Amino acid sequence: MTVRPINDDVLWDSFVSSSPQGTVFSTSAWIRTAAAIQGGEPRFLGVFEDDRLAGGVTFIELSRGPFKKITTPVLTPYGGVMYRPASGKRSTGEESFTTTCAELLIGYLSGRYSYSCLVHAPGLGDIRPFTWGGWRGNVRYTYIVDLTDTGRVWDLMERRVRTVLRKAESSLAPGGPVDMEQFGGLYDRIYRDRGKKPPIPRNIVTAFVDTMMKTGLAEMRSVRDENGDIISTMVLVSGYGTVYAWISGSVPDKNSTGAFSLLFWDTIRRYSETCTLLDMVGANIPSVAFFKKGFGGELKPYYVTERYGSLFARAVFGAYGEIKRIFSP
């Protein structure tokens, strides 16, 4: 097997669509848009078994002076390593195959970049080749809701959520998108009303959302209160049978109205006809995990792997991040 870059979007997207680890966030359209907005170069790397694409990884490449780094783009929940569907071999044979693919990709990346960070999709259950190769691995979590039976979804919800939804449906109205200026303001308010700085700058978020909505990869939903004011928004991304609760914005002091819960319930009902799963995208903060747990989804782990090429590179990238944090407005 050999590793080489891929420049054929049709070949790459066909592979992503068939891979158990493939998501809409690894498609060429998503990665190229993310790279343009973040200011990096899109990269698609494949492991070929003869002329057949058997594994791969996608990321964007950025330069910091003499250093080069690769990363899953900002505002991209998953990316990382993917493999072709299981061949039907015994599990030990399949494990050997995926391990070999991963080791080839790891060897290629480790020799070329000063820093690497990949966020893998929940479909990737084994990151041992990374940790064996000197990478650091961290586990994160998300909740995934089965949409094939909305009645069952309702039954699996915790009582507190059903109570909130009944109240919200009597006083709030779900609807369509708002303009980018208003969405950006609501995104900011989630953090700034609590005295925090948004993790991603507002202009990056609105540019990304606006582009994805115009290309048809994303849809925005909103909730109005009794006065007709927008108090909560959610941007959804769907593909390959899964809808993702990608980015949201809201008025924090209106959370008690149940607006955000109503957005999730609206998503469950509307997408149950076209998707089989709802990925709630992240359950790594206690308050967020408590909220999302109430919808009765299955807790799923996913992994982040990272590597510094040297101690010097680690110090440089660490200092860059700290300087950027201190001097950011």
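What you see is a predicted model; the values in this text were computed from it and never measured.
The two residues T233 and L263 have their closest heavy-atom pair at C-CD1, 3.7 Å.
With F44 as the fixed residue, the side-chain contact (heavy atoms from CB on, under 4.5 Å) test singles out one of S28, P5, S26: S28. Considering T23, T142, T242 as possible partners of D279, the one that fulfils the side-chain hydrogen bond (donor to acceptor under 3.5 Å, both in side chains) test is T142. Each of T72, D126, T305 was scored for a side-chain hydrogen bond (donor to acceptor under 3.5 Å, both in side chains) with H120, with one residue passing: T305.
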* **Derivation and outcome, ring pair (Phe, Tyr, Trp, His ring centres under 6.0 Å), residues Y143 and F295** => CA-CA 9 Å; Y143 280 103; F295 286 83; 9.6 Å; no
* What's the verdict on ring pair (Phe, Tyr, Trp, His ring centres under 6.0 Å) for Y303 and W135, showing C-alpha distance, side-chain angles and the deciding distance? -> CA-CA 12 Å; Y303 299 96; W135 292 52; over 10 Å; no
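Counting non-hydrogen atoms of neighbouring residues, nucleotides and ligands closer than 6.0 angstrom, the NZ atom of K167 reaches no more than 12 such neighbours. Other residues, nucleotides and ligands contribute at most 12 non-hydrogen atoms within 6.0 Å of the CG atom of N7. The number of heavy atoms from other shown groups lying within 6.0 Å of CZ (R152) does not exceed 12. For D50, the CG atom counts as loosely surrounded, since its 6.0 Å shell holds 12 or fewer non-hydrogen atoms of other residues, nucleotides or ligands.
Proximity of a side-chain donor or acceptor of K292 to a complementary backbone N or O of M280 within less than 3.5 Å is detected. A donor-acceptor pair under 3.5 Å is formed between the side chain of T211 and the backbone N or O of A207.
Y191 does not carry R202 over the face of its six-membered ring by the limits of under 6.0 Å from the centre and within 45° of the normal. Cation-pi geometry between R307 and F130 is not met at under 6.0 angstrom from the ring centre and within 45 degrees of the axis.
Salt-bridge check for R128 with E103: failed, with every basic side-chain N at 4.0 Å or more from each acidic carboxylate O. Look at D229 and K254 and you find no salt bridge, because none of the NZ, NE, NH1 or NH2 atoms lies under 4.0 Å from a carboxylate O. Taking 4.0 Å as the cut-off between side-chain N and carboxylate O, E41 and K68 do not count as a salt-bridged pair.
With no hydrogens or angles considered, a side-chain donor-acceptor pair links E61 and Y113 at under 3.5 Å. Under the 3.5 Å distance criterion, with hydrogens and angles disregarded, a donor-acceptor pair is assigned to the side chains of Y115 and E306.
Between F291 and F264, the ring planes are tilted. Angles from 30° to 60° get that label.
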